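The residues of the chain are indexed from 1 along the displayed sequence. What you see is a predicted model, and the numbers here were worked out from it, not measured in a lab.
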Amino acid sequence: MLLSTPTSISGRYWSRYGGGDEHWSLKGCHRVGLVTQSTRDCWRLVASSSLDSYNNRRSARDGSNLRDNGRVYDRTAAILSDERFVSFTEEDVPLEDTQSSIARLILELRAIATYSKRVEYLMGRERVQRCLKTTSRREQILLCMSSMSSRRAFCLLCLMAIGQEHVMFALSDEMDPNEYMKSLHRLAESLERVEEFYDSIGGLAGYQLQCLTLLSSEEAASEGDLEERHVEMLVPEGLDLRSEESNESVLRGVEMMGRMAEIYPLGGAGDRLGLQCEETGDSLPTAVLPYCGRSLLENLIRDIQGREYLYYCLYGEQSTTPVAVMTSLAKGNHKRVMQLFEANHWFGRGEESFKLFKQPMVPIVKAIDGKWAVSAPLKIIMKPGGHGVIWKLMLDNGVFDWLKSHNRDAAIVRQISNPMAGQDKTLLALAGQGIVGNKAFGFASCERVVGAAEGMNVVLKETLTKRDGSKETTSRITNVEYTEFTRLGIEDKGENGSSYSLFPANTNVLYLGLEHIEKMVRQGVRSGSTEAVLPGMILNTSKETCHLNVETEQEEHAHAGRLECTMQNLADCFAAPVNEDTDCSDLPTFLVYGPRRKVTSSAKRKRKPGSLKIHQTPDGSFYDLQQNAKAMLELCGMDMPDVGSVEKYLETGPGFVFLFHPALGPLWHVVAQKIKGGKMHERAEVQLEVAEASIVDLEVSGSLIVSADSVMGTHVDGRLHYSRTTCARICLENVKVDNQGIDYENPHNVYWRHRVERKESCQIVLKGRSEFEARNVTLKGNLKYIVPDGHRMIVSPGGSDVMNMPQVDLVPLHPSQPTWSYAYTIDNGISLNKI
């Protein structure tokens, strides 16, 4: 396919994407390009101002990206029927002939019900017999197979059947027999996971067939193929999160919190971040990156808590959002993530509110010959198979059923490296749009800078002309990865010379209608199609991999890659029939659009020393976080300094630091009813780890740090129970904080970690159910106020004291009622009234 990527459409879009009426072919979509395909022909662009012709048959052997079209068994049959593959041998054959051999093997194995019978079948194959006869390890292999399950024994034999026997035989002559057999068991165990995951497309053999097909760029057509396909690439429209209309979606998103789940793909090893354990030197997963004083994973959980607490304040009900987490075995990822959960006592949510499942590791395939790369005897180089495996994994691991048991109808997908998606209304509006409209799939999108290493959301309008002359037109929003632009002939440029792309960015902040998703994945498993099971399948061999040459026994580098798929490409399954009267909002997919800093600012890679390029680095993410803080506090009426230029920020630190618990909002207009007026001086720092705050005309020069044991309620038996009567609260009116604050000259400060040295600070520590109240005072110097549980500390102007120190009184609280609280109401938004 031209774009084997995600699909979706919806709402009102931003004005810059407008155009004259003559450019619109689907209501709300701007025409950009038209593509035609004839049977067995490559794609050809026939009408476009921003797209050029391209060749779809580029070989992967020089390092390109190759994409699958989803028709596994149709293609298998087509390969076997192609006259070029009628005759072949099993020795030194080209990739195309190897494809034919493996295609036959898959079809024959599908007719055999059990693995024990499949073992017997493979033992009778000429190629397997020849492999076993020519190795001195025959007896050890057979003995080892007799002591393992039929499926694991099958996996070892399958290596020989698909031309990967070098994994078992090469480089092993010097191995001790016992060590060789132990290695065989470990090899069979790793292969079994690949066989199990790819079972719907033929297991290990199906994996290799997919790789060879993409390497040889053969996309054989089956008899039922369409004769011609016209594809228009259109600019999508969607709900603008800056509009008044988005407020209704936000309210629906809050209302539906009890029906929502979250899904986190955490399989990344954090290589680009350079994360290492200080004790062992082992690589650490991205989830543990210390961002703003806590792990990225904890930041995502806090975002959930903020939305749950808002729901509690409005409806008086506690909702604990279930979270499904995909880990991997890469570099101890699963173990480290589990340790993080356990060390944080499952974040007060209970282990039962999380479901962890492992992403499979898949073989690296060399582009030049289709052989699997090895790093040592009997050790295949394996890496995670991309986040698109998540859908079938959710089916295989019972995640859909688990979410049903929690009465969840929909879910938000977030990537761990993007801590910004929880800002303001983005996730609530995305959820509200999706669940109220019973949508299948949705994207949160934003502006995209030309040349950025990220995909873009487009609408694909396809008109299929069959052999009988009949036509069918469908539309969907999809993602096109930046690695595909050149192959597809897409020129990445802005409109009228703008630095912003014509198309919006794909951020991988997604909405899922769980019933729709599960149904589509189950259909894919039954049919053997990859479109839903392994969406957006691609083999990227652009990078070289260090491996061991099985002939020279020397390390060398070669272009290689593994079969990957992308989770956002699942949207391709939800294309809907359209006509000239169809509106984007009628489709099962949709898009919401917001300012970039409120949707995405990832922490994916480490900034190079001395570089001013902070995009997708922790430095850049924190810079955007502070830009958001400035915008939010200005909405509160607070006078704010600038964050500063990137160069100044990197050299001397940000112009200020403001951090807060999401439960304070998380919506900015809710925060603006708790914080009113005031001023932060340049280089000031404010931390508010509270949910209940009433702050009016606060002026800060230096550092103000407010922390609480009970931000949103109390913990009982390790579980957080939301409560507005048992949580801590703070009231500051016409208060000035004056101290030396952060030592900005200290060379060890790391602002995005929130690891800073201070000369002085004003600390307010709230224990349990306690309150702090200060009015009309100046809190000067290095101060620390600790308020014990069940008490209220009142700080007021001092008397005739020479030092003019404020007066501090400590009084018991009412046993069951706070001194003050907010009444939450819904009236053209969420309104707070202090009582």
Would you say the side-chain atoms of Ser498 pair up with the backbone N or O of Tyr500, donor to acceptor, closer than 3.5 Å? yes
Asp743: which residues meet the salt bridge (charged side-chain N to carboxylate O under 4.0 Å, His left out) condition with it, sequence neighbours left out? none
Looking at Lys736 and Asp738, does any basic side-chain N land under 4.0 Å from a carboxylate oxygen? no
For Glu733, check side-chain hydrogen bond (donor to acceptor under 3.5 Å, both in side chains) against everything at least two apart and list the hits. Arg775
Between Lys676 and Asp697, is there a salt bridge with N-O shorter than 4.0 Å? no
Aromatic plane relationship, Tyr309 with Tyr722 - under 30° parallel, 30 to 60° tilted, over 60° perpendicular: perpendicular
Please tabulate, for the side chains in residues 826-835, all donor-acceptor contacts under 3.5 angstrom to protein atoms that are two or more places apart in sequence or on a different chain.
residue, atom, partner, partner atom, Å
Lys834, NZ, Ser694, OG, 3.0

Side-chain donor/acceptor pairs under 3.5 Å, residues 421-429, sequence neighbours excluded:
residue, atom, partner, partner atom, Å
Asp424, OD1, Trp668, N, 2.9
Asp424, OD2, Lys598, NZ, 2.6
Lys425, NZ, Leu241, O, 3.3
Lys425, NZ, Ser246, OG, 3.2
Lys425, NZ, Asn247, OD1, 3.0
Thr426, OG1, Lys598, O, 2.8

Residues passing the salt bridge (charged side-chain N to carboxylate O under 4.0 Å, His left out) test with Arg605, sequence neighbours excluded, are none
Taking atom types as modelled, is there a side-chain donor on Gln687 or His754 under 3.5 Å from an acceptor on the other? yes
For the ring pair Phe660 and Phe658, is the centre-to-centre distance below 6.0 Å? yes
For Ala708, all residues meeting side-chain contact (heavy atoms from CB on, under 4.5 Å), sequence neighbours excluded: Val690, Val711, Ala728, Leu766
Between Tyr623 (side chain only) and Gly644 (backbone N and O only), is there a donor and an acceptor less than 3.5 Å apart? yes
Below 3.5 Å, can you tabulate the donor-acceptor pairs from side chains in residues 289-297 to any protein atom, sequence neighbours excluded?
residue, atom, partner, partner atom, Å
Tyr291, OH, Ser621, O, 3.3
Tyr291, OH, Ser621, OG, 2.9
Arg294, NH1, Cys292, O, 3.3
Ser295, OG, Glu298, N, 3.1

For residues 765-787, which residue pairs pass the ring-ring contact (aromatic ring centres under 6.0 Å, His included) check, not counting sequence neighbours? Phe772-Tyr785
With Arg769, which residues qualify under salt bridge (charged side-chain N to carboxylate O under 4.0 Å, His left out), at least two apart? none
By ring-ring contact (aromatic ring centres under 6.0 Å, His included), Tyr511 pairs with (sequence neighbours left out) Phe590
Would you please say whether a donor-acceptor pair under 3.5 Å links the side chains of Asn746 and Tyr744? no
Applied to residues 698-707, the side-chain hydrogen bond (donor to acceptor under 3.5 Å, both in side chains) test, sequence neighbours excluded, yields His681-Glu699, Glu685-Ser703
Partners passing salt bridge (charged side-chain N to carboxylate O under 4.0 Å, His left out) against Arg302 (at least two apart in sequence or in another chain): Glu689
Is it true that Glu760 and Lys784 make a salt bridge, defined as a side-chain N closer than 4.0 Å to a carboxylate O? no
Salt-bridged, Glu454 to Lys604, with N to O below 4.0 Å? no
Salt-bridged, Asp619 to Arg607, with N to O below 4.0 Å? yes
